[in-house]
Amino acid sequence: MFRRASRLLLSFVMLMTGAAVGVGATATTAQADSCYTWGRTLSQGTSGGDVTQLQIRVAGWVTSGERLSYDGQYGARTTAAVKKFQSAYGLAADGVAGPATFNKIYSLQDADCTPVHFSYAELNKCNSDWSGGAVSAATAKANALKTMWKLEAMRHALGDVPLTIVPLTISSGFRSRACNSAVGGSATSRHLYGDAADLTGSPSFCRLAQQSRTHGFSEILGPGYPGHNDHTHVAFDPSPYWSAPSCGI
């Protein structure tokens, strides 16, 4: 909390200093952030690594069954996701990512780029270096970051849970092959790729399974599916598959 407050104070001081000398943030310049700083306004038709960074943070704001590509191309789907993000946080929903949108993102992320309500430690309870899975350690960690931003969107859409004494919790995330074998996981489990999370806590497992359909997850397994009555599993699977029979999915 202190780290985020300090970052926001720094941004404010920079803005005031710039205004005083006539070189403050313009309509196309973002304020400084310790994780990532956007230096221009983005809109449909733009492309680049800064678009990819934006897509990572808004990929959880899509329609049911949709998956946003991390391709660095600001197309119609990215525009729609930005609009939903803006609307969800009380911003003008014009689909253009400028200072107001970036500042909201800055307030939602920590210095390591993870969203404020989730952490790498939650997504990896297997080892310290993300090694031993089906992809490189760097890819597994990058996949986990994308998963966390989708979960942040889902958390906000659910009313910023926790809503009860038992919060939305990740019981399992990345697994090496050894960790996966130890818990009896499938040999093709998405946990091996770092893009899966098993959710417990509040709200109900069925509510989590139903809600996750609108936040970019393409693999959803929950109550009624063998071995998933005590949690809801969400992941990013190239071959979409949803099954939670007890929840009508």
When you measure from the centre of the six-membered ring of [Y], is the NZ or CZ of [X] under 6.0 Å away and within 45° of the axis?
X      : Y      : result
Arg67  : Phe236 : yes
Lys104 : Phe85  : no
Lys150 : Phe217 : yes
Lys146 : Tyr70  : yes

Using the salt bridge (Lys or Arg N to Asp or Glu O under 4.0 Å) rule, take Asp160 and Arg155 through it: C-alpha gap first, then chi angles, then the decisive distance, then the call.
CA-CA 5 Å; Asp160 287 320; Arg155 183 185 188 281; 3.6 Å; yes
Under-4.0 Å salt bridge between Asp50 and Arg40:
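The answer is yes: the pair qualifies as a salt bridge.
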Is the His156 ring parallel, tilted or perpendicular to the Tyr89 ring (thresholds 30°, 60°)?
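Geometry flag for Tyr89 against His156: parallel rings.
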For the pair Trp38 and Tyr36, name the ring-plane relationship: parallel under 30°, tilted 30 to 60°, perpendicular over 60°.
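Perpendicular.
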Side chains of His191 and Asp198: is there a donor and an acceptor less than 3.5 Å apart?
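Checked: His191/Asp198 side chains pair up, N/O donor to acceptor below 3.5 Å.
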Do Ser136 and Thr139 pair up side chain to side chain, a donor and an acceptor below 3.5 Å, judged on atom types alone?
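The answer is yes; a qualifying pair exists.
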Quick check against the 3.5 Å criterion: does [X] have a side-chain atom that pairs as donor or acceptor with the backbone of [Y]?
X      : Y      : value
Ser186 : Thr188 : yes
Asn127 : Trp130 : yes
Gln211 : Ala157 : no

Check whether any side-chain heavy atom of [X] sits under 4.5 Å from a side-chain heavy atom of [Y], and report yes or no.
X      : Y      : result
Leu208 : Met154 : yes
Thr52  : Gln73  : no
Gln210 : Cys247 : yes
Leu68  : Trp61  : no

Which is it for Gln55 and Ser69 under the side-chain hydrogen bond (donor to acceptor under 3.5 Å, both in side chains) test, yes or no, and what are the steps along the way?
CA-CA 8 Å; Gln55 289 170 329; Ser69 297; over 6 Å; no
With sequence neighbours excluded, tell me which residues meet side-chain hydrogen bond (donor to acceptor under 3.5 Å, both in side chains) with Thr114.
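Once residues adjacent in sequence are excluded, the partners of Thr114 under the side-chain hydrogen bond (donor to acceptor under 3.5 Å, both in side chains) criterion are Asp112.
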